[in-house]
**Q** 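Please read through the structure below; I'll follow up with questions.
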Amino acid sequence: MSELSEPFDPEQVYLPAEDTYLLRDAVLSVVRPKDYVLEVGTGSGEIAASAAKVAEHTFACEINPHAACYAKEVNGVDVVRSDLFSAISGSFDLICFNAPYLPTTPEERMHDWLEAALDGGPSGRDTVYRFLEEAPGHLKDEGQILLLISSLTGVEEVISFAEEHGCTAEIFKTETEEDGEELVVLKICKAK
Ligand SMILES: C[S@@+](CC[C@H](N)C(=O)[O-])C[C@H]1O[C@@H](n2cnc3c(N)ncnc32)[C@H](O)[C@@H]1O
């Protein structure tokens, strides 16, 4: 895509933080060399670049053009610009997403690309729900999804939504932050 070769602003890119490292470590604990891996919303590309050291067939997508450029040029990630799966075809053994998971009111919106990194809509679940509607269609039968959300997102609501959309969902990893917020990695598979 043309945007991927244009100059980018690193200040518009979500740089690695605690949530990034929690999901990266979860991915590295399950990824296998022959896996086809997709990171949705790759941001800086930290997670996809780490997975690619294990699985040669690792790809990423990202809605933010600055982040897509950063991931490609700084971390060498094979990335396309895409709103979730709109530019993605094929199915994967592992799909991971550190989603925009913070409840955000219209007044709190920042109206820049960093907003897309954090803004989960009023419930925190707007993008998470869109992702869960589309992701199973890109998952191999024995594949798994690792989805990072937070206690602020509503973990039980997300698990219920996944189950209503033909999946099983369980808590795979958690980490509690200093302010009491709990980061949660859900493991989601197609129900048999
Ligand atoms: C919380 S950040 C995580 C970034 C990176 N994966 C990490 O863990 O550091 C969420 C990322 O998802 C991207 N994103 C948000 N909505 C998206 C969408 N609809 N399609 C693709 N990417 C999206 C954001 O631009 C942002 O880079």
Side-chain angles (χ1 to χ4, degrees), residues 1 3-4 8-31 37-53 58-89 92 94-104 108-135 137-138 145-153 155 158 172-175 177 181-186:
M1 287 191 170
E3 295 96 327
L4 292 184
F8 62 88
D9 179 357
E11 293 194 359
Q12 291 292 313
V13 180
Y14 186 89
L15 295 176
E18 288 81 359
D19 50 0
T20 311
Y21 298 123
L22 184 64
L23 183 58
R24 180 197 64 187
D25 292 349
V27 165
L28 291 177
S29 73
V30 300
V31 68
V37 179
L38 175 69
E39 185 187 10
V40 175
T42 194
S44 69
E46 168 72 27
I47 296 171
S50 299
K53 289 180 182 153
T58 295
F59 308 94
C61 63
E62 172 57 59
I63 199 168
N64 171 356
H66 302 282
C69 283
Y70 188 106
K72 181 183 179 192
E73 295 185 16
V74 177
N75 281 316
V77 172
D78 190 348
V79 56
V80 293
R81 268 202 78 200
S82 178
D83 179 4
L84 296 179
F85 295 91
S86 60
I88 300 296
S89 58
F92 298 86
L94 176 60
I95 299 173
C96 61
F97 189 22
N98 178 4
Y101 54 71
L102 290 182
T104 308
E108 289 171 322
R109 292 203 154 148
M110 294 182 284
H111 299 292
D112 63 12
W113 281 109
L114 266 187
E115 176 189 315
L118 303 167
D119 182 350
S123 72
R125 298 187 290 274
D126 285 6
T127 304
V128 167
Y129 282 175
R130 284 181 55 221
F131 170 81
L132 288 174
E133 285 170 348
E134 297 179 30
H138 292 273
I145 296 165
L146 294 178
L147 172 65
L148 191 140
I149 57 172
S150 130
S151 47
L152 301 174
T153 319
V155 176
V158 174
F172 183 62
K173 274 187 190 293
T174 62
E175 182 176 287
E177 303 305 287
E181 179 186 3
E182 191 174 36
L183 302 176
V184 176
V185 179
L186 294 180

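Each residue takes its place number in the sequence, starting with 1. Atoms within each ligand, like the ligands themselves, are counted from 1 in listed order. In this text, all values refer to a predicted model and were calculated from it rather than measured experimentally.
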**Q** Does the side chain of L28 come within less than 4.5 Å of K53's, by heavy atoms?
**A** no
**Q** Over 60° means perpendicular and under 30° means parallel, so tell me whether F59 and F92 are parallel, tilted or perpendicular.
**A**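 Plane angle over 60°, so perpendicular.
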**Q** Do Y14 and N98 have side-chain N/O donor and acceptor atoms under 3.5 Å apart?
**A**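 No donor-acceptor contact under 3.5 Å links the two side chains.
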**Q** Test side chain to side chain contact (heavy atoms under 4.5 Å, CB included) on L84 and H138; report intermediate values, then the result.
**A** CA-CA 11 Å; L84 296 179; H138 292 273; over 6 Å; no
**Q** So which atom in S29 and which in A26 form the shortest heavy-atom distance, rounded to 0.1 Å?
**A**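 Here S29 and A26 meet closest at OG-O, 2.7 Å.
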**Q** Could you go through ligand 1 and note, for every N or O atom, any protein N or O atom closer than 3.5 angstrom, writing the atom names and distance to 0.1 Å, or 'none'?
**A**
| from | atom 1 | to | atom 2 | distance (Å) |
| --- | --- | --- | --- | --- |
| ligand 1 | 6 (N) | E39 | OE2 | 2.9 |
| ligand 1 | 6 (N) | G41 | O | 2.8 |
| ligand 1 | 6 (N) | T42 | O | 3.4 |
| ligand 1 | 8 (O) | T20 | OG1 | 3.3 |
| ligand 1 | 8 (O) | N98 | ND2 | 2.9 |
| ligand 1 | 9 (O) | T20 | OG1 | 2.7 |
| ligand 1 | 19 (N) | D83 | OD1 | 2.8 |
| ligand 1 | 20 (N) | S82 | O | 3.4 |
| ligand 1 | 20 (N) | L84 | N | 2.8 |
| ligand 1 | 22 (N) | I63 | N | 3.3 |
| ligand 1 | 25 (O) | E62 | OE2 | 2.5 |
| ligand 1 | 27 (O) | E62 | OE1 | 2.8 |
| ligand 1 | 27 (O) | E62 | OE2 | 3.4 |

**Q** Determine the minimum heavy-atom distance between G45 and N75, stating which atoms define it.
**A** C-ND2, 4.0 Å
